[in-house]
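The model shown is predicted, which means the values in this text are computed figures rather than measured ones. Naming: A, B, ... by sequence-line order, numbering from 1 per chain.
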Protein chains: 2
Amino acid sequence: MLHDPAQLDLMFQALADPARRQMVDRLSRGPASVSQLAEPLAMSLSAVVQHLNLLEASGLVRTQKVGRVRTCQIEPKALRAAEHWINERRLSWERRLDRLGDFLVETKDET
Amino acid sequence: MLHDPAQLDLMFQALADPARRQMVDRLSRGPASVSQLAEPLAMSLSAVVQHLNLLEASGLVRTQKVGRVRTCQIEPKALRAAEHWINERRLSWERRLDRLGDFLVETKDET
DNA sequence: GCAATAGTTAAGTAAATGCTTCAGTGTTTG
DNA sequence: CAAACACTGAAGCATTTACTTAACTATTGC
């Protein structure tokens with residue numbers, strides 16, 4: 001479910017915005033309400049709610065409402081999925097470089 | 001230089017687009033020319049060049065022109081920077097959960 | 001019950017994004 | 001040298017994005 005390309009798309013899209021990354025950063029230090037998330041941001045509460053909805057749709061953040069306050073937390077599984085996508089590509093490249101290096105070493109003294 | 005927030009911004013922005021991620025994916029399997037990058041994509045070569053320029057500006061891809069062909073490769077250091085950003089936030093959250101778990105275990109038999 | 005609090009929703013708008021086409025620029029190849 | 005090749009750049013356009021304001025709905029505290 002987390003590796004389906006549509007979800008991955010939403011995640012990277014969500015992480016593309018500085019305000020949303022700041023929200024994720026704040027949440028990485030612990031849960032927060034919508035107003036707490038909004039506090040350091042130079043925009044209306046309404047804008048923050050819209051960002052938060054994107055973050056939730058992407059799976060990066062989970063929220064639950066108790067009374068009138070919505071408490072938000074990070075969903076580490078989603079973060080891990082994005083991390084994993086990048087990591088696989090990087091490793092694929094680096095393994096390729098390693099093989100190339102091996103080949104060069106092997107052929108070095110075959111002149 | 002890679003951890004400066006502006007560069008990180010460009011990187012996540014670059015990774016947000018599916019076509020650009022597909023290009024990164026292709027490049028993770030080895031270098032490619034602009035036309036080779038364009039081949040699987042359902043858009044004009046010109047559009048691909050525009051995506052490529054973003055990828056290069058973000059630091060994720062490095063290119064060099066020899067004759068009339070521009071050869072592109074992944075810059076693993078940049079990928080690592082994006083990876084690192086996500087990883088730190090996830091770990092920060094998970095460490096917090098661990099401490100919380102420890103606390104609950106420690107307090108359990110103090111009834 | 002009536003404020004104040006915490007958030008939600010809708011509508012509008014300016015700017016950014018992701019394309020397209022078209023008219024180039026250098027570079028090889030026959 | 002001429003034609004094909006591999007891009008490149010500018011202009012234009014439709015859509016999406018990131019906001020804003022304003023009106024509204026639930027809670028909670030006095």
Side-chain angles (χ1 to χ4, degrees), chain A residues 5-27 30-75 82, chain B residues 5-27 30-75 82:
Chain A
Q7 197 70 10
L8 211 58
D9 222 73
L10 289 174
M11 275 189 271
F12 277 111
Q13 188 115 319
L15 289 174
D17 187 87
R20 282 189 301 260
R21 277 207 310 286
Q22 204 177 325
M23 291 166 75
V24 168
D25 187 49
R26 166 62 187 82
L27 289 176
S33 69
V34 176
S35 332
Q36 283 174 328
L37 280 181
E39 194 259 323
L41 297 171
M43 65 182 72
S44 72
L45 188 63
S46 183
V48 172
V49 170
Q50 290 170 61
H51 281 305
L52 183 56
N53 289 340
L54 273 193
L55 283 170
E56 197 170 14
S58 78
L60 285 166
V61 166
R62 202 153 34 88
T63 77
Q64 52 196 335
K65 199 158 185 176
V66 176
R68 63 185 168 181
V69 13
R70 171 145 76 137
T71 307
C72 313
Q73 8 178 296
I74 272 191
E75 184 54 74
Chain B
Q7 196 71 8
L8 212 57
D9 223 72
L10 289 174
M11 275 189 270
F12 277 112
Q13 190 114 319
L15 288 174
D17 188 87
R20 281 186 306 257
R21 278 207 309 286
Q22 204 177 325
M23 292 166 75
V24 168
D25 187 49
R26 165 63 188 81
L27 289 175
S33 70
V34 177
S35 332
Q36 285 174 327
L37 279 182
E39 195 259 322
L41 297 170
M43 65 181 73
S44 73
L45 188 63
S46 186
V48 171
V49 170
Q50 289 171 59
H51 281 306
L52 183 56
N53 289 340
L54 272 194
L55 282 171
E56 197 168 16
S58 79
L60 286 167
V61 166
R62 203 154 32 89
T63 77
Q64 52 197 336
K65 198 156 186 176
V66 176
R68 62 185 167 181
V69 12
R70 170 145 76 136
T71 307
C72 314
Q73 10 178 292
I74 272 192
E75 184 54 74

The side chain of [X] lies closest to which of these nucleotides: [options]?
| X | options | result |
| --- | --- | --- |
| Q13(A) | dT17(D), dT20(D), dT5(C) | dT17(D) |
| R68(B) | dT28(C), dT8(C), dT28(D) | dT28(C) |
| R70(B) | dC19(C), dT8(D), dC19(D) | dT8(D) |
| A47(A) | dC19(C), dT20(D), dA6(C) | dT20(D) |
| S44(B) | dC19(D), dT20(C), dT8(C) | dT20(C) |
| M43(B) | dA18(D), dC19(C), dG18(C) | dC19(C) |
| H51(A) | dA4(C), dC19(D), dT28(C) | dC19(D) |
| V69(A) | dT21(D), dA18(D), dA6(C) | dA6(C) |

Salt-bridge present (R26(B), E39(B); N to O < 4.0 Å): no
Between L60(B) and the options L15(B), L27(B), L54(B), the side-chain contact (heavy atoms from CB on, under 4.5 Å) test singles out L15(B)
Could you check how far [atom1] of [X] sits from [atom2] of [N], rounded to whole Å?
| X | N | atom1 | atom2 | value |
| --- | --- | --- | --- | --- |
| R20(B) | dC19(C) | CZ | C1' | 12 Å |
| R21(B) | dG18(C) | CZ | P | 12 Å |
| K65(A) | dT9(C) | NZ | C1' | 12 Å |
| L45(A) | dT9(C) | CG | C1' | 12 Å |
| N53(A) | dT17(D) | CG | C1' | 15 Å |
| L54(A) | dA18(D) | CG | P | 7 Å |
| D9(B) | dA16(C) | CG | P | 13 Å |
| L52(B) | dC19(C) | CG | C1' | 16 Å |

Per the atom types in the model, does the base of dT21(D) pair as donor or acceptor with the side chain of S46(A) at under 3.5 Å? yes
Using a distance-only criterion (donor-acceptor N/O pair, under 3.5 Å, no hydrogens), is the base of dT17(C) paired with the side chain of Q50(B)? no
Locate the shortest heavy-atom distance separating A82(A) from F12(A); write the atom from each residue and the value. O-CZ, 3.8 Å
Looking at C72(B), is its backbone amide N or carbonyl O close enough to the side chain of Q64(B) to form a donor-acceptor pair, meaning the two atoms are under 3.5 Å apart? no
Under 3.5 Å, is there a donor-acceptor pair between the side chain of R20(B) and the main chain of A14(B)? yes
